[in-house]
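Structure record follows, encoded as C-alpha cells.
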Amino acid sequence: MSFFNSSRFITLEHYISSEKDKHPGATGEFTYLLHDLALAIRIISREVRRAGLNDIIGMAGDTNVHGEQVKKLDVYANEVIIQSMDHGGHLCVMASEENEHPIPIPDKFDKGKYILVFDPLDGSSNIDINVTIGTIFGLYKRTDDSSDTDMDTLTKQIIQPGYKQVAAGYALYGSSTVFVYTTGQGVNMFTYDPTIGEFILFHENVKIPKKASYYSVNEGYYNFYSDELKQYLQYIKQDKAEKDLPYKLRYIATGVADFHRTLLYGGLFMYPSDSRSPNGKLRLVYEANPLAFLAEQAGGRATDGVNRILDIKPTNIHQRVPLFIGSKENVLEVESFLKGDLKFDYK
Ligand code: AHG
Ligand code: MN
Ligand code: MN
C-alpha cells in the first residue's frame, strides 16, 4: 500500500511558511519554532544513523574509544533539543521526560509566549538493537500575561490540558526519518531526504481508518490486567472471519512507532493500567497528549478508557495515564468492554 498522496515536491520549511500565510495576523513565531525543532530532529537523526559507528550506544557514563564520556542517546537527544530551542526568543519554558523540573530559558536569551514539552527519545529499550525510536513534542501558549519565571508559575503553565495544544507531532527514526505534525488543521507527514537535508511532504491530511483488525499492547502483562480487559483480549482472538476476528497483534515497544503504524493502518494501541501500575506507564504531558491531539486530528480517538485524554487536567509534569488510542471504532469497542457494556465469557 502506498501512502504517498502528494504529487508535488514540497519541503517542510515551505509547507510551514505557507501555512502561516493562510492565517493573517500570524506572527511567524510559530513558524520559527517548528523550523528550530526540525533542525533538532535532523541532528538527532544524524546521530541515530551513526550511533553504532560513534560508540554512542550504551549507558550514559561509559567511555568511548577516544576516552571521551559517552552520552546515552536519550541524554544526547535531550541536549540537542534544549540547545536548539532555548535561544530563539519564542519559548518561556520547556519540559522534558529527561528533566525532573521545568527547563527555564537562560537569562541571557529573550523569552516568548510558547511552551514546549517533549520526550526526546521514545523507545529507549530499542536504542541498542536498531529498532525504530522517536521524539514526541507538544506546544502550548502561555495563558497569563505575566513574564514571571519562578518555577511555580512555569510549572502551572506547563500542566495545561492537552486540548490547549497549539501544535504537536513526532519524529520517527526508522527505515527513514519521518516528521509528523499537526497545528489543529489536520495531520501532515514528511520524509527526510538526508542527501538534500530536507523533509519532503509525502502525506497531506492523514486520516486514520475508522476500524482495522490490529491491536497493540504488552500482552505479557495479561495476568495483571482487569477482568474487563482480559475479556476484550479474549474476544478479539476468536476465529470469526465475519467480524474480522482474530485481530493481528503488533507491538514494537516504542510507543510512538506503534502509534505511527496505527495512524496509517488503523487499529488500537494501548498501554493500560494494571494491578502493579494503576496509571499505566506512559506520561500524559509529553507522550499521551501529543499523540492524542494527532489521533483526533486524523479522525481517531484517544482516551484513558473512560475520559478523553485531551480533557484531563494534569497535576504534575510527569504523571502517567492509561492510554487507548487509534481508530475510533476500535477504541470505542475496548471502552465498551471496560465499562462492562460488552462482555465475553472466556473462562
Ligand atoms: P521511553 O523510552 O521514553 O521511556 O518510553 C518507553 C515507553 C513507550 O515508548 C512504550 O510504549 C513503552 O515504554 C513500552 O513499555 P513496555 O516495555 O512495558 O511494554
Ligand atoms: Mn517515551
Ligand atoms: Mn524517552
Side-chain angles (χ1 to χ4, degrees), residues 37 40-41 44-45 47-48 51 56-60 71-82 94-100 103 116-138 162 168-174 178 180 214-225 229 233 249-263 267-295 302 304-305 309 314 317-326 331:
L37 200 58
I41 300 297
I44 298 168
S45 175
E47 221 50 43
V48 169
I56 205 165
I57 286 177
M59 302 305 289
K71 282 188 188 117
K72 213 180 155 198
L73 212 46
D74 36 17
V75 177
Y76 176 83
N78 195 42
E79 286 177 8
V80 168
I81 296 178
I82 295 172
M94 292 181 258
S96 162
E97 186 194 32
E98 297 295 326
N99 295 64
E100 188 183 346
I103 307 160
L116 180 70
V117 299
F118 58 96
D119 177 355
L121 228 285
D122 182 55
S124 340
S125 69
N126 285 324
I127 293 177
D128 292 354
I129 51 168
N130 254 303
V131 171
T132 300
I133 48 184
T135 297
I136 312 173
F137 71 92
Y170 59 84
L172 267 197
Y173 315 104
V178 296
V180 180
Y214 292 103
Y215 77 112
S216 186
V217 63
N218 189 335
E219 217 166 333
Y221 304 152
Y222 179 87
N223 286 333
F224 305 99
Y225 292 147
L229 188 58
L233 290 168
L249 171 63
R250 301 282 186 267
Y251 194 70
I252 303 168
T254 293
V256 66
D258 280 310
F259 175 75
H260 183 71
R261 181 201 54 251
T262 305
L263 191 58
L268 170 69
F269 167 66
M270 57 183 151
Y271 205 110
S273 57
D274 68 35
S275 56
R276 303 160 311 162
S277 321
N279 295 313
K281 177 181 185 187
L282 301 182
R283 315 293 184 142
L284 173 60
V285 172
Y286 42 79
E287 292 182 316
N289 269 334
L291 300 184
F293 189 22
L294 289 157
D304 65 359
I309 291 289
I317 297 176
H318 299 289
Q319 86 188 59
R320 298 173 196 273
V321 70
L323 179 64
F324 299 83
I325 191 167
V331 178

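Note that the structure is predicted; figures quoted are calculated from it, not measured. For ligands, and for the atoms within them, numbers begin at 1 and follow the listed sequence.
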Close side-chain approach of Leu233 and Glu219, heavy atoms under 4.5 Å: yes
Can you name the N, O or S atom of Asp119 that is closest to the Mn ion (ligand 3)? OD1
Check for me whether Arg276 meets the cation-pi criterion with Tyr221, that is, NZ or CZ under 6.0 Å from the six-membered ring centre and within 45 degrees of the ring axis. yes
Vertex the Mn ion (ligand 2), arms to Glu287 OE2 and Asp122 OD1, rounded to 10°: 110°
Closest non-hydrogen atom pair, Glu98 against Asn78: CB-ND2, 3.3 Å
The Mn ion (ligand 3) as vertex, arms to OE1 of Glu97 and O of Leu121: angle to 10°? 170°
Give yes if a backbone or side-chain nitrogen or oxygen of Ser125 is under 3.5 Å from a nitrogen or oxygen of ligand 1, and no if not. no
Would you say Thr254 and ligand 1 have an N/O pair spaced under 3.5 Å apart? no
His318 versus Glu97, closest heavy-atom pair with distance: CE1-O, 4.0 Å
Record the part of Leu282 in heavy-atom contact with ligand 1 below 4.0 Å; permitted values are side chain, backbone, both and neither. side chain
What about Val256: any of its N or O atoms under 3.5 Å from an N or O on ligand 1? no
Hey, does Arg283 sit under 4.0 Å from ligand 1 if you only count heavy atoms? no
Hey, does Ile136 have a side-chain heavy atom less than 4.5 Å from the side chain of Tyr286? no
Are Ile309 and Leu323 side-chain neighbours, meaning at least one heavy-atom pair lies under 4.5 Å? yes
Touching ligand 1 at all, Leu121? Heavy atoms, strictly under 4.0 Å? yes
Any nitrogen or oxygen of Gly255, main chain or side chain, under 3.5 Å from a nitrogen or oxygen of ligand 1? yes
